[in-house]
J.: 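My questions all concern the structure below.
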Amino acid sequence: ILSIIFFLPIVVTNNVIRGYYNGINKVNLSAYSNLIEQLSRIIATFILIYLFKEKSVTFLVTMATLSMGFGELISLLYALLKFKKNIIHINGTLSPTKEIFNQAFPTTASRLLTNFTFFLEPIIYTLALKLNNFPNDEIMYKYSEINAYAIPLITMFSFISVSIATSISPNISKYNYWSMGWNNGA
């Protein structure tokens, strides 16, 4: 877990740039960045696990975690290379900063609350089963069933709503850009 801490600023910066690309209707750059991240992550994982196959499982898990960070880093480098070509300067008296923060705060708060509930979920679930006198082996089995089978089945088709939202967001941003007068002097 400690090996992930160094990659948090990279993940945050990468997601901000991808969000910017989505907002300026350059969804393909965000998608390419995501694809590059996934490919470099998979390749790095295979290479590191192959190189260190004689090491312990804990070490191999750490290498896989570092591979995830490596994928983020490669994706960020790609995004930054494309970023300089896609900066939009807003001329005029109105600034979108307030509106961006007005939308970013509820979204960020929602994500934080979601992550906090994901953190509490295994604690509450295992405690509830323990209070109902389930043995530890049965708790582990039940929790594994839910995380491996039930949750993926429930969330499998969420990609549709995420794809639609990602496609619609740039159009909404463009409409707001023109309707709120941010294009003055452009």
Side-chain angles (χ1 to χ4, degrees), residues 1-48 61-92 94-119 121 151-152 154-183 186:
I1 293 177
L2 293 175
S3 60
I4 299 173
I5 291 173
F6 299 109
F7 293 109
L8 287 178
I10 295 171
V11 172
V12 169
T13 306
N14 201 6
N15 285 328
V16 167
I17 292 173
R18 285 183 192 172
Y20 175 76
Y21 286 148
N22 289 338
I24 64 169
N25 208 9
K26 301 275 186 180
V27 180
N28 58 339
L29 292 176
S30 179
Y32 289 144
S33 177
N34 194 29
L35 180 65
I36 289 169
E37 174 192 342
Q38 298 301 326
L39 288 174
S40 59
R41 178 184 298 175
I42 291 168
I43 291 168
T45 301
F46 279 126
I47 290 171
L48 288 175
V61 168
T62 304
M63 290 297 105
T65 305
L66 290 175
S67 297
M68 291 189 311
F70 177 75
E72 281 287 342
L73 181 63
I74 297 298
S75 173
L76 177 63
L77 292 175
Y78 171 80
L80 287 174
L81 287 173
K82 297 294 183 176
F83 185 68
K84 289 184 180 181
K85 298 177 186 175
N86 293 293
I87 294 177
I88 292 179
H89 298 284
I90 297 176
N91 299 324
L94 294 176
S95 171
T97 307
K98 183 178 179 185
E99 286 74 20
I100 290 171
F101 282 122
N102 285 342
Q103 282 197 337
F105 180 74
T107 304
T108 303
S110 172
R111 287 276 176 101
L112 284 173
L113 183 61
T114 300
N115 287 333
F116 183 67
T117 58
F118 286 158
F119 168 75
E121 181 241 330
I151 292 176
I154 292 170
T155 60
M156 184 184 331
F157 295 104
S158 66
F159 74 90
I160 294 170
S161 61
V162 171
S163 297
I164 291 171
T166 301
S167 299
I168 290 175
S169 294
N171 293 325
I172 293 171
S173 296
K174 191 184 299 183
Y175 172 77
N176 285 338
Y177 177 78
W178 291 105
S179 68
M180 293 186 167
W182 292 341
N183 60 333

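Owing to the predicted nature of the structure, the values given are computational and were not obtained by experimental measurement. Counting begins at 1 with the first residue of the sequence. All values below were derived from every heavy atom in this structure, side-chain atoms included, with hydrogens, water molecules and symmetry-related copies excluded.
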J.: Can a donor-acceptor pair be found, under 3.5 Å and without considering hydrogens, that links the side chain of T13 to the backbone of I10?
T.: no

J.: To the closest 0.5 Å, what do you measure between CZ (F70) and OG1 (T45)?
T.: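 F70 CZ to T45 OG1: 10.0 Å, rounded to 0.5 Å.
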
J.: Are the side chain of S33 and the backbone of L29 linked by a donor-acceptor contact shorter than 3.5 Å?
T.: no

J.: Look up atom CD1 in I74 and atom CD in Q38, then write down how far apart they are to the nearest 0.5 Å.
T.: 13.5 Å

J.: Who pairs with E72 by side-chain hydrogen bond (donor to acceptor under 3.5 Å, both in side chains), at least two apart in sequence or on another chain?
T.: N14

J.: Given 3.5 Å as the limit, does a donor-acceptor pair link the side chain of N15 with the main chain of V11, or not?
T.: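 Yes; at least one donor-acceptor contact below 3.5 Å.
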
J.: Nearest 0.5 Å, what's the CG-CG distance between L66 and L73?
T.: 11.5 Å

J.: Does a side chain donor of either S75 or R41 reach within less than 3.5 Å of an acceptor in the other side chain?
T.: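 Their side chains do not contain a donor-acceptor pair, so the 3.5 Å distance test is not met.
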
J.: Out of curiosity, L80 CG to I17 CD1, how far, rounded to the nearest 0.5 Å?
T.: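 Nearest 0.5 Å value for the CG-CD1 distance: 4.0 Å.
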
